Amino acid sequence: MSQEVRGVIAPGKDEPVRVETVVVPDPGPGEAVVRVQACGVCHTDLHYKQGGISDEYPFLLGHEAAGVVESVGAGTTEVEPGDFVILNWRAVCGQCRACRRGRPWYCFDTHNARQAMTLAGSGTELSPALGIGAFAEKTLVAAGQCTKVDPDVSPAVAGLLGCGVMAGIGAAVNTGQVGRGDTVAVIGCGGVGDAAVVGARLAGASRVIAVDIDGRKLTQAESMGATHTVDSSATDPVEAIRELTGGFGADVVIEAVGRPETYEQAFYARDLAGTVVLVGVPTPEMRLELPLLDVFGRGGSLKSSWYGDCLPSRDFPMLIDLHRQGRLDLEKFVTERIALDEVEQAFDRMHAGDVLRSVVVF
Ligand SMILES: [Zn+2]
Ligand SMILES: [Zn+2]
């Protein structure tokens with residue numbers, strides 16, 4: 001029997017989101033229905049609403065979520081009803097070339113639910129954000145999108161690992177491979193940048209330099225563990241980072257903005273043979289121009305980090321453990337807990353830079 005639940009829909013380009021009744025089918029083979037307990041408001045949800053990702057309206061928004069598995073379809077072995085899970089958008093296939101080569105975080109055939117959720121009444125098929133659609137009391141996903149973790153943590157905190165916080169921590173730990181004693185700079189200190197600061201500290205960096213044009217964000221980055229801050233609206237960040245690293249530049253520079261100007265800063269703010277990690281998401285029209293001789297002469301590596309190069313089955317339980325041990329304070333990322341019908345206002349506050357994360361709690 002399909003069920004009717006309330007969910008947040010983006011009906012069309014730039015139209016305000018609204019709560020509608022959504023039909024959630026019973027899980028088919030390899031699928032699961034999850035009772036969502038919490039779902040964070042991410043920039044990607046706003047991009048869907050604005051038409052920046054695709055034009056397959058209406059979207060069922062929300063993808064940074066945790067909840068409890070309610071039912072599973074035939075042949076499902078990954079999870080069972082009652083499991084506390086974080087939803088992920090990287091349910092790896094195990095069969096593609098990347099998976100077979102042992103690099104499943106590059107999987108290019110990740111799984112989503114095969115059946116569609118629909119709008120009650122019209123029967124219009126919904127496109128779930130990142131194949132999840134968790135601003136809803138219940139959602140239908142592929143079972144592999146559910147990662148079971150210790151239930152002894154708040155859902156609002158656990159859900160954050162499903163997207164932005166994982167992207168930032170992973171950019172430092174997985175992609176940047178920050179090691180003990182490294183110097184790290186993070187350019188752009190929103191949710192993902194702050195998580196990169198946290199990741200760099202977890203990995204044992206000796207200095208973590210936070211760079212932003214907004215003083216409030218720098219203060220926040222300090223509370224996340226940044227050892228130094230640079231206001232790049234007033235100071236040349238490349239010079240400042242060099243000064244703070246004995247004239248060398250940082251070993252790893254994480255670009256969490258996704259713009260050519262800040263990428264260039266990252267490129268020149270690293271030490272010779274250092275690493276640049278791009279985790280900020282650029283737009284299609286952006287172009288990068290660098291002297292090729294500098295790319296050659298400065299050596300090192302220029303990397304991109306998709307979803308923090310995470311493997312949910314490996315990284316989510318590990319990070320939840322660190323949180324439970326008191327070594328990773330995820331609660332700091334939750335600015336406010338809101339109701340399902342407050343997502344539109346949460347977008348405004350996020351856009352204004354007033355919040356790190358608003359989390360819908362059911
Ligand atoms: Zn694969
Ligand atoms: Zn996201």
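In this text, all values refer to a predicted model and were calculated from it rather than measured experimentally. These values consider heavy atoms only, across backbone and side chains, with no hydrogens, waters or symmetry-generated copies. Start at 1 and go down the list; that is how both ligands and their atoms are numbered.
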**Asked** the Zn ion (ligand 2) as vertex, arms to NE2 of His63 and SG of Cys163: angle to 10°?
**Response** 110°
**Prompt:** Is any NZ, NE, NH1 or NH2 atom of the basic residue among Arg324 and Asp152 found under 4.0 Å from an Asp or Glu carboxylate oxygen of the other?
**Reply:** yes
**Request:** State plainly whether the residues Arg357 and Glu64 are in salt-bridge range, i.e. N to O under 4.0 Å.
**Result:** yes
**Asked** Taking 2.8 Å as the cut-off, does an N/O/S atom of His43 lie below it from the Zn ion (ligand 2)?
**Response** no
**Request:** Mind telling me whether Tyr57 and Phe59 have parallel, tilted or perpendicular rings, with 30° and 60° as the class edges?
**Result:** perpendicular
**Prompt:** Any ion pair linking Arg207 and Asp182 (charged N to carboxylate O, less than 4.0 Å)?
**Reply:** no
**Request:** Report the protein N/O/S neighbours of the Zn ion (ligand 1) that fall below 2.8 Å; do not count waters.
**Result:** Cys93 SG, Cys96 SG, Cys99 SG, Cys107 SG
**Message:** Please determine whether a side-chain nitrogen of the Lys or Arg among Glu289 and Arg287 lies less than 4.0 Å from a carboxylate oxygen of the Asp or Glu.
**Reply:** no
**Prompt:** Does the distance from a Lys or Arg side-chain N to an Asp or Glu carboxylate O, for Arg337 and Glu331, drop under 4.0 Å?
**Reply:** yes
**Message:** Tell me whether Arg6 is salt-bridged to Glu137, with the criterion being a basic N under 4.0 Å from an acidic carboxylate O.
**Reply:** yes
